[in-house]
Amino acid sequence: MQEAGPDGLEAVFRRLIGATGPISVAHYMAEANAHYYNRTDPLGAGGDFITAPEISQMFGEMIGLWLADQWQQAGKPGLCHFVEFGPGRGTLAADALRAMAQFDFRPQVHLIEGSTALRMAQKLAVPQATWHDGLDSVPREGPLLIVANEFLDALPVRQIVRTEQGWRERVVVHNGERFLPVAGARPMDTAVPPALADSPPGTILESCPAAAGMAYEIAARLKAQGGAALFIDYGYCAPQTGSTLQAVRAHQKVDPFAEPGLADLTALVDFSQLKQIALAGDVDCLGPVGQGDWLMALGIAQRAAMLAKSQPSRADDMMAALDRLVSPDQMGALFKALAYRGPGWPAGAGFGR
Ligand code: SAH
């Protein structure tokens, strides 16, 4: 539903910009997504976008198998916590926990979720869970098995842009008709790596301080408590320039600066940054590997064949879902898996070691 009233986010942003000046792209994205996710459940065929766990139960099951394998190899520690960031409808958690239970692995369940609407959906799927606003309130004793699927891409990115006068933060203004991004007044030259300082005017550098902060926090917890973390998202492996901010509504790409709060805003995840943070945080980093290769190494094709055999009427759907998850021209290559492991924890399956 379009919110045209005075309290819609569009009106709030216009008032804010009118009163205090342009807002940063990061501020715009953070507020727009908080509003967007809090409003309703955007997932699924009738919503705005679909994610891997909503395509097939096999995705969550493979993650459950990966975690159960980690737990077994680590000597089956008694008290363990399954922690998921941004669990959507709770589908991945439910599928993963069911797969883990087959190995008699029943960790405590902690869901980190900002949206009230989605917390309600998660409660139906995973009634035994405890909900959190962040990692801070998750217990500090017992290994953590952390999962984040399509979570980091929803976190706000900061953009800086090269102008004739030097680097500036990219900000959002309203020109009387619409919102649009422009170079702001604040100099940002000190934030630019020396190798890129002389980039041509118009060059954009993007970073995600929120993702970095979270990755540091996760690394510190794994180091202190043991366990592993699995990040799956779409992103790139080597530093790059350019804006990757995009908006999706009703399964179509739309202008990220039109109708804030009514479309899902995402940016590609910088996997090289996640690797660097592991190094700095003194945890081992596995991957990134393509989602397709990772799922195939874990045996998703065999699982699909088994499901197709037990439900012949749904065999075609099963094979179509498999193709969507693993084919390089679908989700298999753009989406990547990367894991952190705490000291003494096993090198997880599927990462080619
Ligand atoms: N992992 C799910 C959902 C992905 S959508 C799936 O794969 O289907 C992104 C999820 O992250 C939603 O649950 C959204 O509400 C949550 N989210 C986004 N930004 C957040 C934030 N800053 N803090 C907590 N949760 C957030």
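Remember, it's 1-based here, ligands and their atoms both numbered in the order they're listed.
- Residue contact check: E150 has heavy atoms under 4.0 Å from atoms 4 (C), 5 (S), 9 (C) of ligand 1.
- Remark: side-chain polar atoms of T244 are paired, donor with acceptor, to backbone N or O of L268 under 3.5 angstrom.
- For R186, the CZ atom counts as loosely surrounded, since its 6.0 Å shell holds 12 or fewer non-hydrogen atoms of other residues, nucleotides or ligands.
- Applying the 4.0 Å criterion to heavy atoms of L118 picks out, from ligand 1, the atoms 12 (C), 13 (O), 15 (O).
- Heavy atoms of other residues, nucleotides or ligands lying less than 6.0 angstrom from CD of Q128 number more than 12.
- Proximity to L155 (heavy-atom distance under 4.0 Å) selects the following atoms of ligand 1: 22 (N).
- Taking every heavy atom of G114 and a limit of under 4.0 angstrom, the matching atoms of ligand 1 come to 24 (C), 25 (N).
- Residue-to-ligand polar distances keep E54 apart from ligand 1: every N/O pair is separated by 3.5 Å or more.
- In this structure, the protein non-hydrogen atom closest to atom 7 (O) of ligand 1 is N149 ND2, 2.8 Å.
- At least one N or O atom of E113, backbone or side chain, sits closer than 3.5 Å to an N or O atom of ligand 1.
- For atom 10 (C) of ligand 1, the nearest protein heavy atom (residue, atom name, distance) is G86 O, 3.5 Å.
- The aromatic rings of H110 and H132 are tilted relative to each other, their planes meeting at an angle between 30° and 60°.
- Centroid-to-centroid, the aromatic rings of F231 and Y340 come within less than 6.0 Å.
- Under a 4.0 Å criterion applied to the non-hydrogen atoms of T51, ligand 1 contributes the atoms 6 (C), 7 (O), 8 (O).
- Under the 4.0 angstrom criterion for non-hydrogen atoms, L92 is not in contact with ligand 1.
- Interface atoms of ligand 1 facing P53, defined by a heavy-atom separation under 4.0 Å, are 6 (C), 7 (O), 8 (O).
- Within the structure, the closest approach of N33 to ligand 1 does not fall below 4.0 Å when heavy atoms are considered.
- A ring pair (Phe, Tyr, Trp, His ring centres under 6.0 Å) with F335 is found for one member of F271, Y236, Y234 and no other, namely Y234.
- R178 CZ to E259 CD: the interatomic distance, rounded to the nearest 0.5 Å, is 11.0 Å.
- Taking every non-hydrogen atom of S115 and a distance limit under 4.0 Å, the qualifying atoms of ligand 1 come out as 15 (O).
- With values rounded to the nearest 0.5 angstrom, L322 atom CG is found 10.5 Å from Q330 atom CD.
- Closest heavy-atom approach to atom 5 (S) of ligand 1 among the candidates F59, Y37, F85: Y37.
- Within ligand 1, the atoms closer than 4.0 Å to a non-hydrogen atom of F151 are 11 (O), 17 (N), 20 (C), 24 (C), 25 (N), 26 (C), numbered from 1 in the order shown.
- Using a distance-only test at 3.5 Å, with no hydrogens or angles considered, a donor-acceptor pair links the side chain of R221 to the main chain of L135.
- Here the straight-line distance linking atom CG of D233 with atom CG of N149 works out to 7.0 Å at 0.5 Å rounding.
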